[in-house]
Trainee: 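Sending over a structure as structure tokens; questions will come in a sec.
Every number for a ligand or one of its atoms is a count from 1 in the order of the listing. Along the sequence shown, the residues carry numbers beginning at 1.
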Amino acid sequence: METKRSYVIALDQGTTSSRCIIFSQLGEIISTVQKEFKQIFPQPGWVEHDPMEIYASQYSVMIEAVAKCGIKPHHIKAIGITNQRETTIVWNKLTGKPIYNAIVWQCRRTADIIEQVRKDGLEEYIKENTGLVLDAYFSASKIKWILENVEGAKELQKEGNLLFGTVDTWLMWKLSNGKIFATDYTNASRTMLFNIKKLEWDKKLCSYFGITPEMLPKVYPSSYNYGSIPLFDQNIPITGVAGDQQAALFGQACFSSGDVKTTYGTGCFLLMNTGNKPIFSSKGLITTIAASLSDNKPDYALEGSVFVGGAVIQWVRDQMRFIVDASDSEYFATKIEDNGGVYLVPAFTGLGAPYWDMYARGTIFGITRGTTRNHIIRASLESIAYQVTDLILSMKEDTKINIKEMKVDGGASSNDFLMQFQADISDINIVRNKDKESTALGAFYLAGLGIKLFNSTKEIKSLVIKEKEYKPSMGKEDREKYLSKWHKAVKMCQGWEN
Ligand code: ADP
């Protein structure tokens with residue numbers, strides 16, 4: 001039967017590479033191609049990408065992934081897109097060319113604009129209506145910068161020939177030869193221009209940042225038929241779109257209120273599905289829209305991030321030269337019985353939620369004559385789990401939901417010691433699935449739901465296979481002792497640069 005040979009393409013446009021993964025309808029990965037692209041650093045703190053290279057790399061990995069596995073294009077039923085969030089592209093509608101490089105989410109060039117927004121008294125309004133903390137990460141200040149600094153931008157805008165998009169929008173527009181100008185709720189909710197309560201572009205903020213309505217894409221649910229793009233001799237519909245972290249939440253099958261996932265990459269990203277009402281945090285967490293199916297009632301999520309997650313292990317490897325490979329950290333950490341009283345706070349660039357202290361700096365406490373390299377390695381791994389635990393505790397307080405289980409993915413989630421310590425110190429079950437490609441899986445599930453490859457999220461849940469579960473085994477007394485020392489260490493490193 002024809003349905004036996006249905007495939008879905010997941011395009012995963014990340015910060016450092018463009019990937020394409022082709023899934024069979026059963027969720028098997030049958031082809032993967034990945035291509036890195038150039039990171040452009042014009043000045044300290046500035047980060048850019050070439051939008052044409054983003055498009056070209058994404059297009060070429062798609063073609064190669066299809067060609068490589070030999071499937072027939074007419075067996076490809078849908079395309080799902082997931083992407084780096086917040087990164088801002090502004091282009092000329094007539095020529096199809098960007099008027100400036102993509103300003104990447106990490107770029108700090110608009111810190112001054114953000115300071116002015118604060119002075120203008122908009123911080124609270126932004127939090128209440130967009131769910132975001134006032135920061136240069138998000139798209140709004142980046143668009144304003146382009147409008148004010150690129151020659152001819154304002155004229156094009158006046159003529160109605162200037163378009164803005166996050167990476168999903170740019171890709172869909174290019175892939176469809178300008179026919180699709182759209183984004184999804186998850187990506188829109190990272191622009192600082194989208195009212196997450198009314199589910200529309202916020203007029204007050206758009207006008208404040210000087211953004212005209214013609215520049216903005218139409219916003220739809222994550223699982224939706226966005227239109228078709230030509231691929232070989234076929235027209236294939238794009239039926240799933242979501243920002244990377246929301247796609248990972250969906251890919252981890254966190255469909256219900258209270259479901260949580262953490263991605264342990266360079267940084268750690270913790271997202272909790274909070275159901276169909278936004279919950280605003282008192283701890284500096286971000287309120288964002290989760291990938292969802294329904295038109296008028298999307299799910300919301302709370303999001304917290306750890307700036308230095310797996311990166312602390314890179315530091316142990318590259319700067320300290322204590323290990324050769326990140327995975328060696330597990331071997332050395334388990335050579336000793338416990339942390340020996342050593343606590344490392346990797347506040348290399350300050351601390352995020354719930355502390356928000358940009359003046360904090362990295363520190364190691366509790367060093368004695370008996371401290372060895374292994375203690376520092378262990379303390380580094382433990383610091384990842386402590387930081388994630390701080391976010392879990394904040395989410396519990398904000399939502400009053402008792403988190404019992406957390407799904408994990410990302411490079412450092414393969415570390416058994418870290419995962420067991422995470423279960424122990426946060427007193428929740430940690431579950432790692434067999435398929436670690438949560439972000440691409442999210443795009444696949446959303447696109448699959450869009451073409452009725454799956455009839456429900458329940459059906460998707462039945463596809464998920466657990467690889468390993470870590471159950472808490474630490475007593476309450478020990479847990480509290482460790483946590484209280486960690487919090488003491490955090491307190492002592494705060495305000496260092498002030
Ligand atoms: P990203 O997508 O942010 O590049 P990945 O998900 O590929 O990150 O994870 C890479 C990060 O995880 C690196 O910071 C690395 O130090 C860390 N890491 C990878 N494997 C391990 C491991 N076995 N134990 C601890 N950390 C690890």
Trainee: Starting from atom 24 (N) of ligand 1, which protein heavy atom do you reach first, and at what distance in Å?
Mentor: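 For this ligand atom, the closest protein heavy atom is N415 ND2, 3.0 Å.
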Trainee: For residues R190 and E303, determine if any side-chain heavy atom of one lies less than 4.5 Å from a side-chain heavy atom of the other.
Mentor: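 SC-SC contact between R190 and E303 confirmed.
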Trainee: Please report whether atom 2 (O) of ligand 1 has a protein non-hydrogen atom at a separation of less than 4.0 Å.
Mentor: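 When distances to the protein are checked, atom 2 (O) of ligand 1 has no heavy atom within 4.0 Å.
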Trainee: Could you list the atoms of ligand 1 found under 4.0 angstrom from a heavy atom of G410?
Mentor: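 Selected atoms, number and element: 6 (O).
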Trainee: Quick one: nearest non-hydrogen protein atom to atom 23 (N) of ligand 1, plus distance?
Mentor: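 Checking every protein heavy atom, the shortest distance to atom 23 (N) of ligand 1 gives S327 CA, 3.4 Å.
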Trainee: A311 heavy atoms, cut-off 4.0 Å: which ligand 1 atoms fall inside?
Mentor: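 Checking each atom against A311, I get 14 (O).
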Trainee: Go through the structure and list residues passing side chain to side chain contact (heavy atoms under 4.5 Å, CB included) with E330, not counting sequence neighbours.
Mentor: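 E330 satisfies side chain to side chain contact (heavy atoms under 4.5 Å, CB included) with N415, D416, F417 only.
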Trainee: Compute whether any side-chain donor of one residue and acceptor of the other, for E36 and S17, lie under 3.5 angstrom apart.
Mentor: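 On atom types as modelled, these side chains do not qualify, holding no pair under 3.5 Å.
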Trainee: Give the C-alpha distance, both sets of side-chain angles, the deciding distance and a yes or no for side-chain hydrogen bond (donor to acceptor under 3.5 Å, both in side chains) between T389 and Q422.
Mentor: CA-CA 8 Å; T389 303; Q422 184 69 74; 3.1 Å; yes
Trainee: How close does the nearest protein non-hydrogen atom get to atom 4 (O) of ligand 1, and which residue and atom is it?
Mentor: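 Looking only at protein heavy atoms, the one closest to atom 4 (O) of ligand 1 is T266 OG1, 3.4 Å.
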Trainee: Do any heavy atoms of Q314 fall under 4.0 Å from ligand 1?
Mentor: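 Within the 4.0 Å threshold, so yes.
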Trainee: Going by distance alone, is a donor N or O of one side chain under 3.5 Å from an acceptor N or O of the other, for Y185 and Q246?
Mentor: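 Judged by distance alone, the side chains do not pair up.
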Trainee: Could you tell me whether some N/O pair between G310 and ligand 1 is separated by less than 3.5 angstrom?
Mentor: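 Yes - when backbone and side-chain N and O of G310 are compared with those of ligand 1, one distance drops under 3.5 Å.
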Trainee: Answer yes or no: is there a side-chain heavy-atom contact under 4.5 Å between N83 and L171?
Mentor: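 Side-chain contact under 4.5 Å: no.
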Trainee: Tell me, please, which residues at least two apart from S292 pass side chain to side chain contact (heavy atoms under 4.5 Å, CB included).
Mentor: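 Side chain to side chain contact (heavy atoms under 4.5 Å, CB included) check on S292 returns P298, D299.
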Trainee: Answer with yes or no whether the side chains of D409 and T263 bring together a donor and an acceptor at under 3.5 Å.
Mentor: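 Per modelled atom types, T263 and D409 side chains form a pair under 3.5 Å.
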Trainee: Short list, please: which atoms of ligand 1 are under 4.0 Å from a heavy atom of S329?
Mentor: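 Counting from 1, the qualifying ligand atoms are 24 (N), 25 (C).
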Trainee: Can you list the ligand 1 atoms lying under 4.0 Å from a non-hydrogen atom of S414?
Mentor: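 Numbered from 1, ligand 1 contributes 23 (N).
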Trainee: Among protein heavy atoms, which sits nearest to atom 10 (C) of ligand 1, and what does the distance come to when rounded to 0.1 Å?
Mentor: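 Result: G411 CA, 4.3 Å.
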Trainee: Nearest to atom 12 (O) of ligand 1, what protein heavy atom do you find, and at what distance?
Mentor: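 The closest one turns out to be A412 N, 3.6 Å.
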